[in-house]
Amino acid sequence: MSKIVVPGEVVSDQPQRMAYTFSDGHKTYATALSLLSDDGHLVPLEGPYEPLVEDIVVGYVTDIRFTGYNVELGEPFSGFLSSRDSRATFRLGSMVQARVINVDEVKSIDLADARPLEGGWLERISPVKVPRLIGKRNSMINTIAQMTGCQVIVGRNGYVFVSFGGNHALAVEAIRMVEAQAHTTGLTDRVAALLREKGGKAMPKAPAAPVHSSGGQGDEAADSDYSPRSARAPQNPNQPQV
Amino acid sequence: MEVQEELKHSQLLSMLASGKREDGRDMLTYRSISLQRNPLQNAEGSAVCHLGRTQVLAGVKIDLATPFPDRPEEGVLSTGAEFSPLGSHLFEPGPPRVEAIELARVVDRGIRSANMIDLSSLKVEGVTKVKAVYVDLWIMDHDGNLFDAAMLAAVAALANTRMPKMEGEKLVRGEYEGNLPISCLPVSCTFGMAGNTYLLDPTLDEEKGLDGRFTLATTPDFVCAAQKTGWKGVTQKDIMEFVDISFKKGAELRRLIQQ
Amino acid sequence: MMTGASKSKPPLLREDGKRLDGRAFDELRPLSIEARVLNDAAGSALVIWGKNKILAGVFGPRECIPRHDESPYRAVIRCRYNMAPFCSLEEHGRSGPSRRSQELSKVISEAFENVVIAESYPKSAIDVFIDVLQSDGGTRCAAVTAAAVALADAGIPMKDMVSAVAVGKVEGHLALDLSKEEDNWGDSDNPVAFASRNGEVLLYQMDGQLTREELDQAMTMGMAASKKVHAIQTAALRRVYERGGEVSVPLYLTPGEIRQ
């Protein structure tokens, strides 16, 4: 069992260093609405994107400059893609997938390894739900892609590219379902049931979701234990120690 | 923002070319609509319209006011709209934007031209004051087609407005005598235009990609207000199609208010 | 605020010694809180407290406009308290910020500067918009309570929740959570917001007259009551994940009622 904790609620009677918590030297308290499991694992239920080097992100080009491109990554973040770090060229509004190569202390983001995304639409989900959408070893995202015939590319920042080829509306519905029910167990099965019920069928030759699993993108934990990013998120250097 | 609109435009066109909308609707189908009647107690009338993810609150206050000099025998109807900044990441605090003014004026025209409220009935006998009906549209959640949602909320609120009791020349707050008399229920239908096709009840995502919109308010018998927005030109044939659809859909919307 | 016939002070206690609405002196009005009621806002809450109906929506962290407001060290927290022109039983109100609403916006913003971990988002803004859709005395406490739930719902990192309640003095008795009449005609009004973890006072305003002992006792009463408010805030946030599905503003709820 796990329980929902609110900011300021005790998550441990010991001082601990954990993402999404702070300590007053005696106890440890949650800083965000989170799911606390019996083994003391804390997973945020809501919250903004926390950019980290090696994140794979999705966005679109909002400005073209002499030296490169500004890429919108969801407020308040915008990434810069240097022309030197990109072989492809992009137009205004081009949707792109890219890798974060640097994040500075004011959260300016540098991107590289960009590739264009074409023939689809960007959906936006809560960034803390991204690991759930990817699933254990890409299981969730592969299920959605295969049963709708859509290409689905998930950015760590919460933008999700869904191609028009295939059953686009069904893919979006499934993504919304994952976002709404990310805190529940047995979700992969329920999503598969939804996809089957609404006419989705396994298409072996469907474009596999080219999710980069580098950097532990997927939810590697068991379905019942939704515990992705906190495992690797370093302590926020700015987090106050009260 | 402009880049996003360009992006949406091309996405919308390629989607419409496949004959589908992002949420799987037909071109001429509304999202689900529900109305809450009189959820507020201090306002004399109120209603919330939920149109898909769009949520608009209308509040009606009845006051005493000085009539307009050229219409001393008539009551006053005044419609305002607030794009509350909690309603959308696109809204900012501050004086009303031109879009809010436009929305208020379109809804006002629909109500006024339909003669929904008989303003001459708002004259208070024996004094120089008249009753004033203030309709305020509060955009709580913006996911497109604010015109139709606001019209539904305003008309539903007016149809459920109580009149404060009069004692001499004053209104007694919290005590009521009857309802605001209304004669009909104007409703509006908004069409989004993109390329050479059109669709009813656009979402915000669709609106970002549209070339223009066309709103028609109708009573069972008349077209009573219209507004064309955006740069896209329309033909007479387009307009007549919009009119035919608006009368048909208008009857369905009116039934929702009457329920 | 008072218009109409009753310009002189009405009695504030019933013959049986209870308050006009039948409450005991240490009793809150019925309170309902629903979290996540708006679709576009990152976090939101509706607070129905007595006849108050208060809606809060949070956006951000997002780009700080105008730029000269931004800080290279932390996010700026901007709360805006605003009254709808139809919120009062009295005449139609003016829209736009009043002197009163600007003052309240300032002190509410400062209360949340204490708990929000703003250092995580330099050069950005966290906006908290609070609309008073129906007013009934105690709107600022309901506003703070709604804003805290909306911030938590948005996942904004915070060291604590904030829970507010007013303590006043009515006909010589200290009384919790003043009604509109008690606020208008009572001897003192003390809206207080507490950080629920460590009990620090994050917002405090006061008018009227209290002795040193009365003020001390009022704080103790307020602190105890704020724990009840906190429990209702927490329950509202937990319910979001039980109900799932539809997001809408249940303005129709009667105070104390929970959306089914």
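Below, chains carry the letters A, B, ... as their sequence lines are ordered, and counting in each starts from 1.
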- For C:Ser124, is it the side chain, the backbone, both, or neither that has a heavy atom closer than 4.5 Å to a heavy atom of chain A? side chain
- Message: Within this structure, what is the NZ-OG1 distance for the pair C:Lys159 and A:Thr31, rounded to the nearest 0.5 Å?
- Response: 11.0 Å
- Message: For a quick test of reading the model, state the closest non-hydrogen atom pair linking A:Ala32 to C:Gly155 and the distance between them.
- Response: CB-O, 4.4 Å
- Query: How many angstroms lie between atom CG of A:Leu33 and atom CE of C:Met158, to the nearest 0.5 angstrom?
  - Reply: 8.5 Å
- Message: Both conditions, 6.0 Å and 45 degrees, for the charged tip of A:Lys107 above the ring of C:Tyr121: are they met here?
- Response: yes
- Message: Heavy-atom cut-off 4.5 Å, strictly under: side chain, backbone, both or neither for C:Ala154 against chain A?
- Response: backbone
- Message: A quick test of your reading: do over 12 heavy atoms of other residues, nucleotides or ligands sit less than 6.0 Å from NZ of A:Lys27?
- Response: no
- Side chain, backbone, both or neither: which part of C:Arg36 has a non-hydrogen atom closer than 4.5 Å to chain A? side chain
- Query: Is the backbone of A:Ile4 close enough, under 3.5 Å, to the side chain of C:Arg238 for a donor and an acceptor to pair up by distance?
  - Reply: yes
- Look up atom CG in C:Asp160 and atom CZ in A:Phe22, then write down how far apart they are to the nearest 0.5 Å. 6.5 Å
- Run the numbers on A:Glu105 and C:Tyr73 for side chain to side chain donor-acceptor pair (under 3.5 Å), then give the verdict. CA-CA 9 Å; A:Glu105 62 276 12; C:Tyr73 300 106; over 6 Å; no
- Message: Show the nearest heavy-atom pair for residues A:Glu46 and C:Asp153, with the distance to one decimal.
- Response: CG-O, 3.2 Å
- Query: With distance as the sole test, does C:Glu63 use its side chain to make a donor-acceptor pair with the main-chain N or O of A:Glu75 at under 3.5 Å?
  - Reply: no
- Query: Yes or no on side-chain contact (heavy atoms from CB on, under 4.5 Å) for A:Leu35 and C:Tyr241, after CA distance, side-chain angles and deciding distance?
  - Reply: CA-CA 10 Å; A:Leu35 209 53; C:Tyr241 298 91; over 6 Å; no
